[in-house]
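Bear in mind the structure is a predicted one, so any value in this text is a computation, not a measurement.
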Amino acid sequence: MSVVSKGKKVANLGLQWFRDIYRNRKLILDLANKDFKSRYAASYLGIIWAFVQPIVTVAIYILVFQLGFKAKPVRDVPYALWLVVGIVPWLFFQEALLSATNSLIEFSYLVKKVVFKISVLPMVKIISAFYVHIFFVGVAVILYFAFGYTPHLYMIQVIYYTFSAVILVLGFSYITASMVVFFRDLGQIVSILLQFGMWLTPIMWNMDDLEWMTQGIHRFLKLNPMYYITSGYRDAFLNRVWFWERGTWSVYFWIFTIAIWLLGTMAFKKLEKHFADVL
């Protein structure tokens with residue numbers, strides 16, 4: 001197959017994916033709403049738990065680092081605010097990837113339906129996680145105002161960086177969701193890798209504060225695509241830097257993200273005919 005033919009095949013695959021998402025948009029939203037509500041349907045507080053657990057997690061990190069380790073302000077920004085702005089996108093990425101990885105297993109009854117477009121299922125889980133993310137962006141904004149900061153135009157970039165995170169997690173989830181059907185332990189492996197990823201991403205620590213860290217290590221850590229997202233949220237809220245000012249960094253992120261998305265989409269397409277048999 002020639003390079004041109006391969007290019008057309010990939011382009012057609014991408015266009016077909018967008019058509020499927022658009023045609024099934026109402027179904028995706030309905031399933032996402034149902035999934036979000038059903039997760040906490042049996043508890044007294046219901047969906048409130050979806051927001052309580054991440055809040056407690058963030059509060060613990062703030063108490064440990066701000067009060068326990070006496071973390072200093074980062075570039076004159078209070079550590080608590082700096083931490084929250086950076087951890088908000090990570091919590092979304094973590095929750096979305098974990099839940100989307102197991103989406104085919106959880107919705108196995110839909111996978112077995114011949115007429116159902118199963119490629120939308122990871123998106124259902126991502127949108128479900130997105131609801132909590134919107135809440136936490138609101139918490140970050142409230143905290144931002146509480147520390148005496150005023151709104152500015154740079155903050156609209158949160159929309160861009162959120163979209164970037166969605167595309168990134170979607171690409172990864174197509175890979176993991178299609179593989180976990182055949183290798184059930186993958187879900188636990190993804191969870192462990194995300195724990196490592198959280199500490200390798202400068203969320204609770206500032207890279208510039210580590211004097212021993214060489215430029216080579218700096219560049220290596222920046223290869224982590226979530227470094228781009230978390231730093232982008234801080235650019236939007238705190239640093240007042242436009243994403244196009246991070247030109248080389250932005251180009252690398254999108255090359256990496258589109259490659260992962262295409263790889264995930266092709267893997268999912270190739271394996272989906274076997275899902276119903278295995279499940």
- prompt: Under 4.5 Å between any side-chain heavy atoms of V111 and L121, yes or no?
  reply: yes
- prompt: Is any side-chain heavy atom of T176 less than 4.5 Å from a side-chain heavy atom of L97?
  reply: yes
message: With a 6.0 Å cut-off (strictly less than), is the heavy-atom count around CZ of F220, excluding the residue itself, greater than 12?
response: no
field: R234 side chain to W82 backbone, donor-acceptor under 3.5 Å
entry: yes
message: Are the side chains of H133 and L91 in contact, using a 4.5 Å heavy-atom criterion?
response: no
- request: Count the heavy atoms of every other residue, nucleotide or ligand shown that sit under 6.0 Å from CG of D76, and state whether that count exceeds 12.
  value: no
Heavy-atom closest contact (T201 atom, T230 atom, distance): CG2-OG1, 3.7 Å
query: Do any N or O atoms from the side chain of H152 and from the backbone of F237 form a donor-acceptor pair under 3.5 angstrom?
result: yes
message: With a 4.5 Å cut-off on side-chain heavy atoms, are R246 and F253 touching?
response: no
Other residues, nucleotides, ligands: >12 heavy atoms within 6.0 Å of F147 CZ: yes
task: Supply the atom-to-atom distance I260 CD1 to L168 CG, rounded to the nearest 0.5 angstrom.
output: 8.0 Å
query: Between E245 and W242, is there a donor-acceptor pair closer than 3.5 Å when you use the side chain of the first and the backbone of the second?
result: yes
message: Under 6.0 Å between ring centres: does that hold for F268 and F275?
response: yes
query: Can you tell if the side chain of V166 reaches within under 4.5 Å of the side chain of F92, non-hydrogen atoms only?
result: yes
query: Would a 4.5 Å heavy-atom cut-off, applied to side chains only, mark L271 and V181 as touching?
result: no
message: Please tell me whether V84 and V52 are part of a single hydrophobic cluster in this structure, the criterion being side-chain heavy atoms less than 4.5 Å apart.
response: yes
message: Working to the nearest 0.5 angstrom, can you tell me the gap between M179 CE and R184 CZ?
response: 13.5 Å
- prompt: Do V56 and I142 share a hydrophobic cluster, counting only Ile, Leu, Val, Met, Phe, Trp and Tyr and linking them when any side-chain heavy atoms are less than 4.5 Å apart?
  reply: no
Nearest heavy-atom neighbours spanning M226 and P89: CE-O, 3.9 Å
message: For Y228, run the ring pair (Phe, Tyr, Trp, His ring centres under 6.0 Å) check against F256, F243, Y161 and tell me which one passes.
response: Y161
query: Looking only at heavy atoms, which two atoms of I167 and W261 are closest? And how far apart?
result: O-CD1, 4.4 Å
Same cluster (ILVMFWY, side-chain, under 4.5 Å), M198 and I55: yes
- prompt: Does any non-hydrogen side-chain atom of W90 lie less than 4.5 Å from one of L194?
  reply: yes
query: Given the rule in the side chain to side chain donor-acceptor pair (under 3.5 Å) test, do Y131 and N33 qualify, once you have shown the distances and angles that lead to the verdict?
result: CA-CA 9 Å; Y131 294 150; N33 291 334; 2.6 Å; yes
- prompt: Looking only at atom types and distance, does a side-chain atom of W254 sit under 3.5 Å from a main-chain N or O of S164, one as donor and one as acceptor?
  reply: no
task: May I ask you to check whether Y252 and W249 place their ring centers less than 6.0 Å from one another?
output: no
query: Taking 4.0 angstrom as the limit, do D30 and K34 come out as a salt bridge?
result: no
- request: Answer whether the closest heavy-atom distance between the side chains of Y154 and D235 falls below 4.5 Å.
  value: no
task: Can you see which heavy atom on G187 is nearest to which on L98, and at what distance?
output: O-CD2, 4.3 Å
- request: May I ask you to check whether Y233 and T162 show a side-chain donor-acceptor distance below 3.5 Å?
  value: yes
- prompt: Counting distance only, does the side-chain N/O of Y174 pair as donor-acceptor with the main-chain N or O of S119 below 3.5 Å?
  reply: yes
query: To the nearest 0.5 Å, how far apart are OG in S99 and CD in E106?
result: 8.0 Å
query: Measuring from M204:CE to Y79:OH, what's the distance to the nearest 0.5 Å?
result: 7.0 Å
- request: Return the minimal non-hydrogen interatomic distance between P122 and S173, and the atom names on each side.
  value: CB-OG, 3.8 Å
- request: Please round to the nearest 0.5 Å and tell me the distance separating atom CG of L27 and atom CD1 of I21.
  value: 10.0 Å
query: Is there a donor-acceptor contact under 3.5 Å from the side chain of Q157 to the main chain of G232?
result: no
- prompt: After noting the C-alpha distance and the side-chain angles of F172 and V190, does the key distance pass the side chain to side chain contact (heavy atoms under 4.5 Å, CB included) rule?
  reply: CA-CA 10 Å; F172 277 123; V190 170; over 6 Å; no
statement: dist L31:CG -> M123:CE (nearest 0.5 Å) comes out at 13.0 Å
field: Nearest heavy atoms of V180 and L186, plus distance in Å
entry: N-CD2, 3.8 Å
task: Test the R19-Y22 pair against the cation-pi criterion, namely NZ or CZ under 6.0 angstrom from the six-membered ring centroid and within 45° of the ring axis.
output: no
- prompt: Can you get from L170 to I255 by hopping between Ile, Leu, Val, Met, Phe, Trp and Tyr side chains that sit under 4.5 Å apart?
  reply: no
Hydrophobic cluster membership, V120 vs Y109, 4.5 Å side-chain cutoff: yes
task: Check D35, T101, N102 against K125 for a side-chain hydrogen bond (donor to acceptor under 3.5 Å, both in side chains) and give me the one that passes.
output: D35
